[in-house]
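Naming: A, B, ... by sequence-line order, numbering from 1 per chain. In this text, all values refer to a predicted model and were calculated from it rather than measured experimentally.
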Protein chains: 2
Amino acid sequence: MHYGSVIDYESPVAPYRQVAAILRDRIEAGQYRPGQRLPSINDLVGEFGVARTTAGKALRLLVDEGQAELSQGMGFYVTRGS
Amino acid sequence: MHYGSVIDYESPVAPYRQVAAILRDRIEAGQYRPGQRLPSINDLVGEFGVARTTAGKALRLLVDEGQAELSQGMGFYVTRGS
DNA sequence: TCACATTTGTACGTATGTATC
DNA sequence: AGATACATACGTACAAATGTG
């Protein structure tokens with residue numbers, strides 16, 4: 001069956017924030033655990049159909065919020081500890 | 001006479017960081033005082049010949065550093081107090 | 001050392017939406 | 001209503017960091 005895009009472009013919440021919220025939920029649900037790598041920008045582009053810049057903004061937002069850390073050349077990782 | 005661009009595209013320092021550094025210097029020099037508005041994105045585009053996104057990144061960097069604040073629809077202002 | 005794939009950083013341009021005056 | 005200003009999205013391109021073979 002076909003799942004429509006999870007991103008709601010009619011929503012007042014910006015797409016990059018929606019993507020970040022989804023990742024945040026997955027972290028809290030334990031789908032992505034501390035120390036583990038988050039989906040790459042390309043992964044997010046493929047999964048949500050957003051642009052690279054949008055996917056990158058979502059990940060950087062998580063970094064700003066302290067929920068993710070960036071390892072250059074490697075990717076974004078779920079922050080360890082808390 | 002002709003002044004070349006102030007931005008050095010050969011430098012390892014990203015253009016948006018160079019623009020931010022210039023604005024930072026002006027703030028420290030008192031050219032832009034606390035509470036005053038900083039140049040708009042369009043101003044920076046005109047002055048430095050960079051793209052809107054680049055100019056915006058420079059201003060947002062200053063915000064992240066606590067040297068500027070955003071007032072929606074108004075522009076970026078030099079942080080008051082310090 | 002080298003080459004390659006992967007991943008992010010950053011730049012460019014363009015378009016639409018919202019906020020403020 | 002119109003002008004100004006930023007937020008955000010899209011796409012595209014090249015550079016730098018990193019890991020692997």
Please give me the minimum heavy-atom distance between B:V45 and B:A55, naming the atom from each residue.
CG2-CB, 4.2 Å
Quick one: side-chain hydrogen bond (donor to acceptor under 3.5 Å, both in side chains) partners of B:D25, sequence neighbours excluded?
none
Reckon A:S71 touches a base, only the sugar-phosphate, or nothing at all at heavy-atom distances under 4.0 Å?
nothing
What is the separation between atom CG on B:L38 and atom C1' on D:dC6, rounded to the nearest whole Å?
14 Å
Residues which pass side-chain contact (heavy atoms from CB on, under 4.5 Å) with A:A68, listed by chain and number, not counting sequence neighbours:
A:L38, A:L62, A:V63
Shortest non-hydrogen contact from A:L44 to A:P39?
CD2-CB, 3.8 Å
Which donor-acceptor pairs under 3.5 Å do side chains of residues 14-23 of chain A form with protein atoms, sequence neighbours excluded?
residue	atom	partner	partner atom	Å
A:Q18	OE1	A:D8	N	2.9
A:Q18	NE2	A:D8	O	2.8
A:Q18	NE2	A:V13	O	2.8

Which whole-number value in Å describes the distance from A:Y9 OH to C:dA15 P?
19 Å
Rounded to the nearest angstrom, tell me the gap between atom OH in A:Y77 and atom C1' in D:dA17.
12 Å
What parts of residues 55-63 of chain B reach DNA chain D, counting only heavy atoms under 4.0 Å away?
B:R60
B:E69 side, atom CD; B:F76 side, atom CZ - distance, nearest 0.5 Å:
11.5 Å
Applying side-chain hydrogen bond (donor to acceptor under 3.5 Å, both in side chains), can you list everything that pairs with A:E65, at least two apart in sequence or on another chain?
A:R24
According to the side-chain hydrogen bond (donor to acceptor under 3.5 Å, both in side chains) rule, which pairs have a member within residues 46-64 of chain A, sequence neighbours left out?
A:R26-A:E47
To the nearest angstrom, the CZ-P distance between A:F48 and D:dA9 comes to 13 Å
Cluster partners of B:Y77, using ILVMFWY side-chain heavy atoms under 4.5 angstrom, listed by chain and number?
B:M74
Which heavy-atom pair separates B:Y9 from B:G49 by the least distance, and what is that distance?
OH-O, 4.1 Å
Quick one: B:R52 CZ to C:dT14 C1', roughly how many Å, whole number?
10 Å
Which pairs, protein N/O on one side and nucleotides 2-5 of chain D N/O on the other, fall under 3.5 Å?
residue	atom	partner	partner atom	Å
D:dA5	OP1	B:R37	NH1	3.3

So if you build clusters from Ile, Leu, Val, Met, Phe, Trp, Tyr with side-chain heavy-atom gaps below 4.5 Å, do B:L61 and B:Y32 land together?
no
Near DNA chain C, under 4.0 Å by heavy atom, which residues of residues 10-26 of chain B?
B:A14, B:P15, B:Y16, B:R17
